[in-house]
Amino acid sequence: MPDNVVSLEADAVLLHRIDTFNRRYGHVIDEDLLEDWPIFFSEDAKYLITTRQNHEANMPVGLIYCENRGMIEDRVSALRIANLYEPHSYRHLIDPPVITARQGNELSAQTSFACFRTVQASAPEIFCTGKYLDRIIDDGQDLQFKERIVVCDSERIDTLIAIPL
Amino acid sequence: MSPLDFNPNDFSEIPYAVYSDDEIYAEEQKQVFQGRAWHFLGMDIELPNAGDFKTMFVGDTPVIVVRDKEGKINAMVNRCVHRGNLVCIEERGNLDHLTCVYHNWTYDLQGNLASIAFERGIQGEGGMADDYDKSCHALPKLAVETFCGLVFGTFSENMPSLTDYFGPEMCSNIRRLLDRDMELLGRFQHGLDGNWKLYMENVRDTYHATLLHSFMTTFRLNRLSMKGAVEVSEGGLHHLTYSIRTQDNDQGQYDAKEIRASKDDYTLNAPELLQSWPEFDCGTTLAIQSLFPNFSIQQLSNVITLRLIVPKGPHKSELTWWVLGAVEDTPEQRAMRIRQCNLVGPGGYIAMEDGAVVGWVRRGVKGAPDERSVLAMGGRDIERKSESRCNELAVRGFWQGWHGLMEN
Ligand code: FES
Ligand SMILES: [Fe+2]
C-alpha cells in the first residue's frame, strides 16, 4: 500500500480520536457535568474564549481567559457558587476536526461548532457559532488540550456567558 | 399622567414608563441623543492613521468617525444625502474618501459632497438638475472634541466645551486613568434585553454592587465598608464613585449569613486571577464613573474599561466594552490586566449579573408603566458628594440630568 494511503488511514484513526474527544467535551458541558470539564485540559493549559475581531486584531483579552487548569476549575466553581444568572443550558453541535499540524506528540486542530442556548422555558436560540483552535497533546492513549482557543464568529454575545463553550 | 410628569425637586420615584414608552423613546432620541450632550465616539488610538474610520451609532443615528488627512478626527452621519443609503457599510477600515455604493456619490473625509456620478449626464443627456449645487451639501456633521484619547461628538451647536461639560472633578479622574499612552487590549459587545437607562442606573448604583455581585464581596474587591465616596457633578449629569481596598471598616455587616453575596467558604484554585499592583498613588482600587448620557469609565484593580450602552429601541440595548492597558506596562503588569479582565465583560465574574438584571427589571416592570421605582436609599436629595456609598444618589442624579434635557 502506498505511503500516503497509510498515512491517510493513520489520520482517519487520529481524526476519529479527536472527534470523539471533542464530542465528549461537548457532552460534559451540555449534560451539566461541568466538574469533569477541567479534566480535558493539561495542568498548564490555556483556555480562551474570544471573538473573531479580537483574535484577528491580536488583542489578548478574553470573554473567558484561563492560563492553567486552576483557573479553568474556578470558572466552574464560580458559576456553581458565586455567580447569578438565569438557569440555562447549551446544546453543542461539533463538526469533525481538521488536523492542521502535527509535531511529535502535539497536534494542532481546528473544529467548527454551533452552540444553542435554552434559557428556562424559552425557545432554544443560536447562542454562538465559531471554531475551536486547539493544541492537543497525544500520549498515544489519551488526548488533552494544551490550548483551546474558542473563536466566536460574532463580536456580539447575548446578555452573558457563564457556561463555557 | 405623563411619565415625564415628575416633581422636578424629587427624583427619588421614577415611573416605569420611562423604560418602555415609545413616545419617550422618540423624544429621548431628539433631546438626549441629538440634543445637548457630548456622546462618546471611540478612542483616538482606534483610528491611528489618516483615512482610518469606524462606524457606530449615536442613539439611533448611524455615524462615521474618521481621521482625515490633516490628522483631525471628524464625525458625520452615515447616511447619503442622495437617497439615504449607508455611506460606510463596514465597521472599521481605511479609506481615501467616502463613496456611497448605491449611485457612487463621493464625499471627502470631512463629509463634504465631492462628486456626483454622471453629474452632467451621458453625452449631454440626463444629469443632475441645475439647481442642485453639490458644494452646498454634506453629510450632517457632529462637533468633535477629544480628551485624554477619548473622542466625543455632539449634534448640538451650543454645547460647552467637553471639559466644561464634564467639570473639573470628572476630568481629574479621567486624567488619572487615561492621561498616558494607552493600548487597546480588546473589545466586547453584548446585547442586553432592556432599555439603556436600566443599564446606566446600574452603573451609577453604588448600593447594589456588593449585594448582587458575590464575587466582588467575597474577594473584598469592593465593600461598602471600605473607605470611598460617591460624587455627582452639577445638575446630576455625571457621577464618580471610588473606594480603597486596604481601608475596610467592616464591623460584621457582611457576615455571610446576612448577605447572600458574601460567601466566606468560597476560594479560588488560581488566586493569581486577582493579583494586582498599586497602579495609582491615591490608592484607589475601584472607580466607576459615568458621563452623561450613556458612557462610563471604570477601574477595578488594574482592569481599566470603557463602556458605551446604545439604545436599540425601548426594549433592547447594545453594550460595548473597551479594555485598556498602558503602553508603558511591563509584561507582568500586562499579564495581570489580562487575567483580571475575567472580572468584566459578558463573561465577567463581576459584570455578568449587571447584564442579566437589565432584562429581569424589564420583564418585571413591563405591565406597570404608571408604577414607580423608589430611589430613597441615602435620602431623597441629590447632594454633590457622600462618603457613604450605601446610597442611590447618583441614580437620582441621572434622572435629574435626563429630566433636564427632556423638559427642553
Ligand atoms: S443613495 Fe448614495 S449615491 Fe444614491
Ligand atoms: Fe454591578
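Letters A, B, ... are given to chains in the order of the sequence lines, protein chains preceding strands, and every chain is numbered from 1.
To the nearest 0.5 Å, the span separating CD1 on A/Ile157 from CZ on B/Phe188 amounts to 9.5 Å. In this structure, CG in A/Leu63 is found 8.5 Å from SG in B/Cys341, a value given to the nearest 0.5 Å. In this structure, A/Arg156 CZ and B/Thr320 OG1 are separated by 9.5 Å, a value rounded to the nearest 0.5 Å. In this structure, CD in A/Glu73 is found 11.0 Å from CG in B/Leu268, a value given to the nearest 0.5 Å. Rounding to the nearest 0.5 Å places CG of B/Asn342 at 9.0 Å from CD of A/Glu67. A distance of 10.0 Å separates CD of B/Glu318 from CG of A/Asp158, quoted to the nearest 0.5 Å.
When only modelled atom types and interatomic distance are considered, A/Arg69 and B/Asn269 share no side-chain donor-acceptor pair under 3.5 Å.
Looking at B/Trp360, only its side chain comes within 4.5 Å of chain A, counting heavy atoms on both sides. For a residue to count as touching a neighbouring chain, one of its non-hydrogen atoms must lie under 4.5 Å from one of that chain's; by this rule B/Glu272 touches chain A with the side chain only.
Atom CG of A/Leu33 has more than 12 neighbouring heavy atoms from other residues, nucleotides or ligands inside a 6.0 Å radius. The environment of CD in A/Gln103 is sparse: at most 12 heavy-atom neighbours from other residues, nucleotides or ligands sit within 6.0 Å. For B/Tyr207, the OH atom counts as loosely surrounded, since its 6.0 Å shell holds 12 or fewer non-hydrogen atoms of other residues, nucleotides or ligands. A/Arg23 CZ: 12 or fewer foreign heavy atoms inside a 6.0 Å radius.
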Next on the checklist: Working note: B/Arg187 + A/Asn54, criterion side chain to side chain contact (heavy atoms under 4.5 Å, CB included); need CA distance, chi angles, decisive distance, verdict.
Outcome noted: CA-CA 7 Å; B/Arg187 281 187 214 93; A/Asn54 283 347; 4.1 Å; yes
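Residue A/Met59 forms a side-chain contact (heavy atoms from CB on, under 4.5 Å) with just one option from B/Val323, B/Leu184, B/Ile338, B/Leu185, and that option is B/Leu184. Evaluated for a side-chain contact (heavy atoms from CB on, under 4.5 Å) with B/Met352, the options A/Asn83, A/Leu79, A/Leu84 yield exactly one hit, A/Asn83.
The two residues A/Pro60 and B/Arg334 have their closest heavy-atom pair at CG-NH2, 3.8 Å.
No side-chain heavy atom of A/Thr51 sits under 4.5 Å from any side-chain heavy atom of B/Gln189.
Side chain of A/Asp74 to backbone of B/Ala270: a donor-acceptor contact under 3.5 angstrom is found. In this structure a side-chain-to-backbone donor-acceptor pair under 3.5 Å is missing from A/Tyr65 to B/Gln340.
Of the charged side-chain nitrogens involved, at least one lies within less than 4.0 Å of a carboxylate oxygen, so that A/Glu155 and B/Arg92 count as a salt-bridged pair.
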